[in-house]
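Atoms considered below: every heavy atom in the structure, side chains included; atoms not considered: hydrogens, waters and symmetry mates. Whatever order the structure lists them in is the order used to number ligands and atoms, beginning at 1.
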Amino acid sequence: MSKKTYITTAIPYVNGTPHVGHAVDYLLADVYYKYCIERGIEVRFQAGTDEHGNKIYDKATSLGIPVKQYVKDNSERFRNFITKLGVEPTDFIRTTDPNHERRVQLIWQKITGHIYPSTYEGWYCSGCESFITDKEYEETNGVCPDHQKPYERLSEKNYYLRISDFKQQIKSAIESGEMQILPEFRKREVLKLLETSPDVSVSRPKKNLSWGIPVPGDTEQVMYVWVDALANYLTVLGYPEEDISDFWPADVQFVGKDILRFHAIIWPSILLALGLPLPKRILSHGHVLANGQKMSKSIGNVVDPTEIIDKYGLDPFRYFFLRHIDTFADSDFTWDKFNAAYSGELANDLGNLVQRLAVLSNKNSVSLNDNDTMEAKQIALDNPEYSKLMQNLEFSKAFDYIWSLVQDLNKEINDKQPWAVAKTNPETAKSILLELDKKLLTVTCLLAPFLPETTKKIFAIFGRTITIPSPLFPK
Ligand code: MSP
């Protein structure tokens with residue numbers, strides 16, 4: 001792995017409240033971030049908020065709040081949400097930040113060779129803030145599947161980005177793996193979509209979109225929110241005013257499946273127009289469903305992450321969303337599943353393991369010294385199976401793997417019965433416990449990117465001296 005790495009997350013629109021869906025981007029990126037820094041890699045980890053566009057303007061207006069105040073307050077809510085998730089981005093960008101706005105205008109000026117004005121008529125979804133093709137219109141019976149809203153017929157003067165200039169290059173980059181799209185089935189979807197992708201509108205008339213960044217040199221046009229939003233990945237690094245070659249191309253861009261097409265077609269076109277390399281990997285994660293259904297305010301089934309964290313704590317939340325929400329496919333959240341994971345796995349498997357080993361070690365005066373701790377850490381760093389899964393961004397599988405080790409350890413204690421051995425052969429019992437404690441610390445190191453608070457607790461217990469802990473996950 002290279003010594004400097006850049007990872008990014010999608011920047012949410014600020015007109016909604018943070019929900020569990022938003023947490024997925026952040027958690028996946030954070031696990032990878034923590035994994036990398038543990039290995040001495042310098043990582044820039046971007047997060048931010050997407051603050052322009054009609055939906056946001058209209059919402060602020062309907063609430064009677066000045067739009068600048070509204071976006072500021074809501075951006076802060078996302079920022080606090082990120083902190084509450086235990087996620088630690090190094091950079092946070094707001095698209096209304098003057099640095100971003102100025103840099104986006106400079107970016108626009110650099111790509112004008114691939115931009116042309118035209119009048120367009122087509123089907124538009126105000127929820128996605130994007131036009132769709134006639135074919136998609138037919139396939140969806142004229143209703144946007146993501147927003148459950150009928151598409152509108154719109155005709156207006158726009159500037160267009162000539163996607164056709166880059167299609168071939170994007171196709172070969174995806175096929176050759178220069179820009180990997182994960183998982184494989186999404187890659188195939190993108191390649192298919194690319195074949196029929198039209199040029200895209202990259203501006204809107206000011207009369208239809210006032211809350212956005214003005215197009216340089218045309219007072220009548222405002223940039224399409226997606227150009228403004230996608231550019232954040234570069235402007236946050238200082239581009240084009242600063243040298244970004246240490247961090248660009250990004251190692252991984254984390255996005256939800258609904259916005260993959262913007263990231264895999266429009267975004268690479270902008271980058272190629274700028275003469276910049278394409279991101280190395282785009283990870284498209286699935287959606288969190290609630291009881292098998294898409295979460296929506298109108299159904300009233302939106303799961304509130306704050307409620308879960310406040311009630312159960314941060315690590316149980318991270319545990320469920322990183323292990324039981326598959327990294328790539330859609331997965332279901334239900335309280336039953338959450339409770340089963342909490343008491344059945346966290347408390348029974350890990351909580352009991354820690355408790356048993358701590359009590360036994362204490363009773364038999366076994367404690368790990370610094371060397372033991374270092375050794376345990378090194379074994380974790382060298383674990384090939386874990387490294388492979390983590391480097392391939394298969395986080396839920398990596399978590400399953402760690403859990404298999406937790407279960408193995410439970411089995412090993414049962415098999416070796418150190419409490420029984422201690423009665424006849426205390427020295428042997430001690431060495432069994434020392435080995436088991438070291439193995440637990442190794443597993444804990446593997447867990448560190450996933451469950452940071454638990455890791456700290458276990459380290460506090462086993463790092464040097466051992467005291468009897470209160471159960472980690474009380475039922
Ligand atoms: N503003 C755009 C992104 C611009 S990135 C240059 C946007 N915002 S969003 O608020 O609608 O979505 C933000 C992220 O949350 C996206 O990655 C999206 O896929 C993700 N999710 C929103 N709902 C989700 C679920 N129910 N489940 C998992 N992720 C989902 O799109």
Side-chain angles (χ1 to χ4, degrees), residues 7-29 46-56 59 71 74-75 77-78 81-82 85 87 91-96 100 104 107 125-130 144-148 186 202 211-213 223-236 250 252-268 270-271 279 282-297 299 301-305 320-322 324-333 396:
I7 60 180
T8 73
T9 52
I11 50 173
Y13 296 119
V14 285
N15 55 329
T17 31
H19 60 69
V20 287
H22 296 124
V24 176
D25 270 324
Y26 297 137
L27 289 180
L28 295 176
Q46 155 283 9
T49 40
D50 193 354
E51 304 184 9
H52 287 126
N54 285 338
K55 278 185 296 182
I56 290 163
K59 186 74 189 272
V71 295
N74 277 358
S75 177
R77 283 162 80 184
F78 274 95
F81 176 59
I82 290 173
L85 296 172
V87 170
D91 296 84
F92 189 89
I93 183 162
R94 299 180 51 199
T95 57
T96 55
H100 171 77
V104 174
I107 287 174
C125 170
S126 57
C128 301
E129 309 235 25
S130 91
C144 171
D146 287 331
H147 298 94
Q148 298 302 323
R186 295 272 176 233
V202 285
W211 181 238
I213 303 178
M223 279 182 216
Y224 174 47
V225 281
W226 271 100
V227 172
D228 162 6
L230 289 164
N232 94 83
Y233 301 129
L234 295 177
T235 61
V236 72
V252 194
Q253 301 209 260
F254 292 88
V255 299
K257 63 173 186 178
D258 53 324
I259 57 170
L260 176 61
R261 65 158 87 180
F262 301 97
H263 285 81
I265 298 174
I266 305 180
W267 177 226
I270 295 174
L271 290 167
I282 302 178
L283 182 149
S284 162
H285 60 78
H287 272 190
V288 182
L289 307 172
N291 286 311
Q293 275 184 307
K294 192 180 155 72
M295 275 184 287
S296 91
K297 274 192 214 140
I299 305 175
N301 63 350
V302 177
V303 180
D304 177 4
F320 186 85
F321 282 88
L322 286 163
H324 292 292
I325 298 294
D326 187 272
T327 304
F328 301 114
D330 287 352
S331 309
D332 206 20
F333 174 89
S396 47

Trainee: With heavy atoms under 4.0 Å as the rule, classify the contact between I259 and ligand 1 as side chain, backbone, both or neither.
Mentor: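 For I259, the contact with ligand 1 is made by the side chain alone.
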Trainee: To the closest 0.5 Å, what do you measure between NE2 (H147) and CG (D258)?
Mentor: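 Separation between the atoms: 7.5 Å.
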Trainee: What are the atoms of ligand 1, with element, lying closer than 4.0 Å to any heavy atom of A229?
Mentor: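 Those atoms are 6 (C).
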Trainee: Nearest heavy-atom pair of A47 and I11: which atoms, and what distance?
Mentor: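 Where A47 meets I11 most closely, the heavy atoms are C-CG2, 4.2 Å.
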Trainee: Is the side chain of T95 donor-acceptor paired with the backbone N or O of E51 at a distance under 3.5 Å, no angle test?
Mentor: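 Side chain of T95 to backbone of E51: a pair is present.
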Trainee: Among the heavy atoms of F254, does any lie under 4.0 Å from an atom of ligand 1?
Mentor: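 Per 4.0 Å heavy-atom rule, F254 does not contact ligand 1.
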Trainee: Need the ligand 1 atom indices (1-based, order shown) with element for anything under 4.0 Å from a heavy-atom of H22.
Mentor: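 Those atoms are 10 (O), 13 (C), 15 (O).
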Trainee: Can you find a side-chain donor-acceptor pair between N232 and H100 that sits under 3.5 Å?
Mentor: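 On atom types as modelled, these side chains do not qualify, holding no pair under 3.5 Å.
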Trainee: Any idea which part of F262 is under 4.0 Å from ligand 1, heavy-atom wise: side chain, backbone, both or neither?
Mentor: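 It is neither; nothing of F262 touches ligand 1.
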Trainee: Decide whether the shortest distance between a heavy atom of K294 and an atom of ligand 1 is less than 4.0 Å.
Mentor: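 Distance cut 4.0 Å: K294 fails for ligand 1.
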Trainee: Mind checking whether Y233 has a heavy atom under 4.0 Å from ligand 1?
Mentor: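 It does; at least one heavy atom falls under 4.0 Å.
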Trainee: Run the numbers for me: atoms of ligand 1, each under 4.0 Å from some heavy atom of G256, listed by number.
Mentor: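 Those qualifying, in numeric order: 17 (O), 19 (O).
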Trainee: Answer yes or no: is there a donor N or O on one side and an acceptor on the other, between the side chain of N74 and the main chain of T17, under 3.5 Å?
Mentor: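 Side chain of N74 to backbone of T17, a donor-acceptor pair under 3.5 Å: no, none is there.
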Trainee: Report yes or no: does a heavy atom of G286 sit under 4.0 Å from some atom of ligand 1?
Mentor: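 For ligand 1, residue contact (heavy atoms, under 4.0 Å) with G286 is present.
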Trainee: Kindly assign one of parallel, tilted or perpendicular to the pair W226 and H263, based on the angle between their ring planes and the thresholds 30° and 60°.
Mentor: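 Correct class here is perpendicular.
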Trainee: Which heavy atom in F81 sits nearest to a heavy atom in A23, and how many Å separate them?
Mentor: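 Closest pair (atom of F81, atom of A23, distance): CZ-CB, 3.9 Å.
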Trainee: Among all protein heavy atoms in this structure, tell me which lies nearest to atom 14 (C) of ligand 1, with the distance rounded to 0.1 Å.
Mentor: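 So the nearest neighbour among protein heavy atoms is D25 OD2, 3.1 Å.
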